[in-house]
Number of protein chains: 2
Amino acid sequence: MLSQKAKYALKAMLALAEQKNGELLQAADIAEHQNVPRKFLELILLELRKQGLIHSHRGKHGGYALAKPADTITFGQIVRIMDGPLAPIPCASLTGYRRCVDCQDEKACAIRKAMREVRDAAAGILDGMTLESACSGGSAGARAALTS
Amino acid sequence: MLSQKAKYALKAMLALAEQKNGELLQAADIAEHQNVPRKFLELILLELRKQGLIHSHRGKHGGYALAKPADTITFGQIVRIMDGPLAPIPCASLTGYRRCVDCQDEKACAIRKAMREVRDAAAGILDGMTLESACSGGSAGARAALTS
DNA sequence: GCATAATCACATTGAGTTGATAGGAAGGAA
DNA sequence: TTCCTTCCTATCAACTCAATGTGATTATGC
């Protein structure tokens, strides 16, 4: 399940990506236009900044902007920052692997194999979908996934 | 995220699928061999029975068995019973669609499009993976997904 | 320099979910 | 009858999620 937090983060990042030549956008504006609780959004933006995806400016006429070009930021990065690994189960994760305590033989585990496939598919789609490609409306993620 | 409940359900169903000619298997045996809390497992088996995936027999020499051939029961069915829709977000779900209250234009929503792709990929894999194919060890789910 | 406006940083809250356990009721076999 | 096993409901503690509150800090404009 994608949390509200991750969904709001994606919305905010897409809003920032639509700003022309990296102009600042304020939390209050994003909150209003995207229908996101303002204070909750601040929390999210803070986290995105700490992870280096956006930078911020304080004081009057402050706000937020992408820290990198929109075609170098993927849905996968954003979702992982907010919700952690994409894999449905830790033993199938690359970025957050953890062994199942109740698993006898991990190598032969059919559940792990299935979940690994799901993880790979999700990663293929979300890591192939950039803010840029999402803004221009296309289904670039799917194409990238199919050719990788 | 796949819940413990769903993971335990998959393990239990795989154990039942490995029984020869539908012989009964008791909750206590499954619990022991699969490292699952016994009472929690009972809860899970109850739910699987109510959904018609297994049937049960009470009393001495009672137990559980699949209600249908192993090649007609998919991971997708089991996961949906335990955890609900596969889609990461309700607005991208086929089986449990719900509109996002904060979404302006669902048709154009890039997040929804991405999550729909993830859902379709996950469904392709999990609905193509049967207890039968999982038992025989192969990655039949992946093959089914690719050809569907 | 002062008021204003914005981000930064925690702390807290309330609701809901998850994972698990308890205790018996009901049904079947020996 | 007497075990044995499933059936069913209730309960629990711990945790997570979504959101709010309260200030502190920093920059701008007058």
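Reminder, nothing fancy here: chain letters follow the sequence lines and each chain counts from 1. No experiment lies behind these values; they were computed from the predicted model shown.
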Between [X] and [N], is there a contact of a side-chain N or O with OP1 or OP2 at under 4.0 Å?
X	N	answer
B:H61	D:dC3	no
A:Q26	C:dA6	yes
A:Y8	D:dA19	yes
A:H57	D:dA27	no
A:R49	C:dT7	no
B:S3	C:dT17	no

Exercise. For the side chain of A:R58 and the base of C:dT7, is some donor closer than 3.5 Å to an acceptor across the two?
Worked result: yes

Exercise. Within the structure shown, what part of the strands sits under 4.0 Å from A:A27 by heavy-atom distance: base, sugar-phosphate, or nothing?
Worked result: sugar-phosphate

Exercise. Base, sugar-phosphate alone, or nothing: which one does A:K50 contact when heavy atoms must sit under 4.0 Å apart?
Worked result: sugar-phosphate

What are the atom names and distances for every N/O pair under 3.5 Å that joins the protein to nucleotides 21-24 of chain C?
residue : atom : partner : partner atom : Å
C:dG23  : O6   : B:K39   : NZ           : 2.3

Within this structure, what is the [atom1]-[atom2] distance for the pair [X] and [Y], rounded to the nearest 0.5 Å?
X	Y	atom1	atom2	value
B:K113	A:F75	NZ	CZ	10.5 Å
B:K7	B:I78	NZ	CD1	15.0 Å
A:L86	A:L94	CG	CG	9.5 Å
B:R80	B:S93	CZ	OG	8.0 Å

Nearest-angstrom distance from the residue atom [atom1] of [X] to [atom2] of [N]:
X	N	atom1	atom2	answer
B:H55	D:dC7	NE2	C1'	17 Å
B:L24	C:dG27	CG	C1'	15 Å
B:E47	C:dG19	CD	P	13 Å
B:L25	D:dT5	CG	C1'	13 Å
B:M1	C:dT17	CE	C1'	13 Å
A:Q4	C:dG14	CD	P	20 Å
A:L45	C:dC10	CG	P	17 Å
B:L2	C:dT17	CG	P	18 Å

Exercise. Under a 4.5 Å cut-off applied to non-hydrogen side-chain atoms, are B:C91 and B:E106 in contact?
Worked result: yes

Exercise. Any side-chain heavy atom of B:L14 sitting closer than 4.5 Å to one from A:I111?
Worked result: yes

Would a hydrophobic clustering, with Ile, Leu, Val, Met, Phe, Trp and Tyr connected at side-chain separations under 4.5 Å, put [X] with [Y]?
X	Y	result
B:M13	B:L43	yes
A:I81	A:L45	yes
B:L53	B:L24	no

Exercise. If we fit an axis to the first five pairs and another to the last five of the helix from C:dG1-D:dC30 to C:dA30-D:dT1, what angle do they make, to the nearest 10°?
Worked result: 10°

Exercise. What's the verdict on salt bridge (charged side-chain N to carboxylate O under 4.0 Å, His left out) for B:E47 and B:K50, showing C-alpha distance, side-chain angles and the deciding distance?
Worked result: CA-CA 5 Å; B:E47 212 165 329; B:K50 285 183 179 167; over 6 Å; no

Exercise. Quick one: which of C:dA9, C:dA29, D:dA18 gets closest to the side chain of A:L46?
Worked result: C:dA9

